[in-house]
Amino acid sequence: MRAPSSLTAGLLPKRNLNLQANSAVGVCIFGGNCEEKSAADEKLGVLLLNTGGPETLNDVQPFLYNLFSDPDVIRLPRLFKFLQRPLAKLVSILLAPRTKKRYAAIGGGSPLRRLTDEQVKSLDKLEWFTFFSGEQLCFVRVFSLEWNHIFCFSLLVMCVYRLENFFAADALRMALEGKNLLADVYVGMRYWYPFVEEAVEQIKRDGITKLVVLPLFPQFSISTTGSSIRVFRQIFEGDAYLSRLPVSVILSWYQRQGYIRSMADLIEIELAKFAKPEEVMIFFSAHGVPISYVEDAGDPYKDQMEECVYLIMQELKARGNGNDHTLAYQSRVGPLQWLKPYTAEVLVELGRKGVKSLLAVPISFVSEHIETLEEIDIGYKDLALGSGIENWRRVPALGCTPSFIRDLADAVIEALPYAKAQQTWRVTTEESDCP
Ligand SMILES: C=CC1=C(C)c2cc3[nH]c(cc4nc(cc5[nH]c(cc1n2)c(C)c5CCC(=O)O)C(CCC(=O)O)=C4C)c(C)c3C=C
Ligand SMILES: [Fe+2]
């Protein structure tokens, strides 16, 4: 079911590594017996983790099989572990037809791989000669072989787009130049190509000497970041090269100011599009997990989600927005109780109570995917409009928003000093459930 695929590696020109130790929340370190390298010998890698998604309708059932084979997604008692794969086969076959229809409704596959690659490119380009075009970050690699072509092209584009944006981005370039950071950026998906295993193989081939792992989930859940890190750790165990590699894992980053501000920016932009922005209910919709994850397994996901919403609302209040808000959980699968309240139920209730304007904010994701494009934009929108809500909008996922990408780069830099040689995993966060 798995086959190799190419990895996206990128480059940030490095002059030296002049990094300051910062306090980091949610950083977890492991590695072993590694001698200190001089800055010149250092080859930094950044591994972005995500779930991945089926790229075609034929991929749907094997993708679901990979997903439900994950013991962090279907958590069976130890005695019944032998049933994991047969159960995954059965559930994936049963769910595939309905899931295919949903992916068909968003173009026949998940956009997640393409969008994550775009985020990699944005990260890659942070030290490049940058300027904005509309909402996208454009870039020109200075002193590259293609200099002449790209320079001429960039001049043309710069004439077409607003010059003040160029200067704003140039300020970003200069700010980043001070950080002097070079890194190869890799993508490792948990359930589809390019798999985490492939990314780690590429990291080995490239001779990376220090690695920062950045899951593209702001909040930690056993079912997302926890699962990917468990696989990642299994790959490292027993591998001579990898066990010597200093690694720093960013377990969660929902508290980062750059992220909170970027979310508040997106919310403000959408609020302004309503006729009466002050009357809009801000509706945070988070991906759910079974309640047992939180209550029995100690998943910090719910607490982090609530804190995340609180921080965004504080930021909005500080900017003068006094909107009401609510948090609900979407995407429930199967017969178990999941985190409540459920998004669908709250939408109906709000309509019944007379709420007329609603702004949906997907809060667990940083890229558009099936749960934003299909579940929210089609399913929940129809439900809301049918329940009496008259004005509906949705905040887009952060994607390649420049302030967000810059903050991710800062998160990597802040995590670097924690990538020290360790014999075993060591957790430097309030979370004790680092796998
Ligand atoms: C914070 C994000 C996510 C959590 C938490 C999460 C938990 C979780 N998911 C399932 C079941 C499915 N997940 C599916 C796809 C999928 N899930 C996430 C994110 C979280 N999942 C992403 C980013 C994706 C990929 C989306 C894409 O565009 O391809 C799917 C298949 C698609 C669907 O039917 O929605 C299933 C099924 C469980 C059981 C679970 C917690 C235990
Ligand atoms: Fe999921």
Side-chain angles (χ1 to χ4, degrees), residues 51 53 67 73 95 98-99 101-103 105-106 110-112 217-224 254 263-264 266-267 270-271 274 279-295 299-313 316 323-398:
T51 57
L67 181 99
V73 167
L95 271 186
R98 189 180 150 263
T99 311
K101 277 192 196 143
R102 295 180 52 222
Y103 278 105
I106 60 164
S110 172
L112 211 50
F217 302 104
Q219 307 85 10
F220 180 97
S221 167
I222 294 168
S223 59
T224 53
Y254 66 95
M263 286 298 293
L266 292 187
I267 292 171
E270 288 310 309
L271 276 178
F274 285 89
E279 289 179 9
V280 175
M281 163 73 77
I282 302 177
F283 187 101
F284 292 93
S285 189
H287 197 299
V289 294
I291 286 179
S292 61
Y293 280 52
V294 174
E295 292 184 353
D299 198 335
Y301 182 73
K302 179 172 181 279
D303 285 347
Q304 293 194 359
M305 193 58 75
E306 287 171 2
E307 192 186 347
C308 181
V309 168
Y310 170 79
L311 292 172
I312 295 171
M313 287 311 300
L316 286 168
N323 296 71
D324 286 337
H325 76 282
T326 189
L327 165 65
Y329 294 90
Q330 64 175 84
S331 315
R332 177 171 169 241
V333 200
L336 298 176
Q337 293 274 319
W338 281 40
L339 289 179
K340 284 184 181 161
Y342 298 141
T343 294
E345 292 177 5
V346 179
L347 287 175
V348 173
E349 183 63 13
L350 290 176
R352 205 184 52 78
K353 283 186 178 160
V355 170
K356 294 290 170 223
S357 300
L358 190 136
L359 178 60
V361 184
I363 184 78
S364 351
F365 321 112
V366 297
S367 299
E368 300 296 349
H369 65 298
I370 194 167
E371 275 124 15
T372 55
L373 300 171
E374 194 271 345
E375 194 170 359
I376 298 182
D377 287 355
I378 302 174
Y380 293 139
K381 182 180 175 185
D382 281 356
L383 183 67
L385 296 179
S387 303
I389 290 161
E390 290 168 5
N391 309 304
W392 163 280
R393 299 197 76 84
R394 189 210 10 125
V395 167
L398 283 162

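Being a predicted model, the structure only gives us computed values, none of them experimental.
- With H325 contributing its side chain and N323 its backbone, the two residues share no donor-acceptor pair below 3.5 Å.
- Taking OG1 of T343 as the start and CG of L327 as the end, the distance is 8.0 Å to the nearest 0.5 Å.
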Determine, stepwise, if the pair F283 / L347 fulfils side-chain contact (heavy atoms from CB on, under 4.5 Å).
CA-CA 9 Å; F283 187 101; L347 287 175; 3.7 Å; yes
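- Looking only at distances, a side-chain donor or acceptor of Q304 sits under 3.5 Å from a matching main-chain atom of F220.
- Just one of S223, S221, S292 meets the side chain to side chain donor-acceptor pair (under 3.5 Å) condition when paired with D299; it is S221.
- The two residues L339 and I291 have their closest heavy-atom pair at N-CG1, 3.7 Å.
- Between Y329 and Y301, the ring planes are tilted. Angles from 30° to 60° get that label.
- Considering every non-hydrogen atom in both L350 and T326, the closest pair reads CD1-CG2, 4.2 Å.
- Using a cut-off of 4.0 Å between Lys/Arg side-chain N and Asp/Glu carboxylate O, R394 and E368 are scored as salt-bridged.
- Counting heavy atoms from C-beta outward, Q219 and I363 have side chains that approach closer than 4.5 Å.
- Contact annotation: the side chain of W392 approaches that of I376 to within less than 4.5 Å [non-hydrogen atoms, C-beta and beyond].
- Between the side chain of Y380 and the backbone N or O of T372, no donor-acceptor pair lies under 3.5 Å.
- At distances below 3.5 Å, at least one donor-acceptor pair connects side-chain atoms of S364 with backbone N or O atoms of H287.
- In this structure the side chain of R102 never reaches within 4.5 angstrom of the side chain of I378, judged on heavy atoms.
- In this structure, L336 and Y342 approach most closely via the heavy-atom pair O-OH, 4.5 Å.
- Considering every non-hydrogen atom in both L316 and A264, the closest pair reads CD2-O, 3.8 Å.
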Give the intermediate values and the outcome of side-chain contact (heavy atoms from CB on, under 4.5 Å) for residues V355 and D324.
CA-CA 11 Å; V355 170; D324 286 337; over 6 Å; no
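- With hydrogens and angles left out, the side-chain atoms of S285 and Q330 include a donor and acceptor closer than 3.5 Å.
- A heavy-atom distance below 4.5 Å is found between the side chains of V366 and P218.
- Annotation: the span from F274 atom CZ to N391 atom CG amounts to 6.5 Å, rounded to 0.5 Å.
- The backbone N or O of S357 lies less than 3.5 Å from no partner atom in the side chain of E279, so there is not a single donor-acceptor pair.
- Minimum heavy-atom separation, L266 to P396: CD1-O, 3.4 Å.
- Inter-residue side-chain proximity for M313 and I282 is flagged as met; some heavy-atom pair is nearer than 4.5 Å.
- Smallest separation of non-hydrogen atoms from I106 and P111: CD1-CD, 4.3 Å.
- In this structure the side chain of T51 never reaches within 4.5 angstrom of the side chain of F365, judged on heavy atoms.
- Around NZ of K381, the count of heavy atoms belonging to other residues, nucleotides or ligands within 6.0 Å does not exceed 12.
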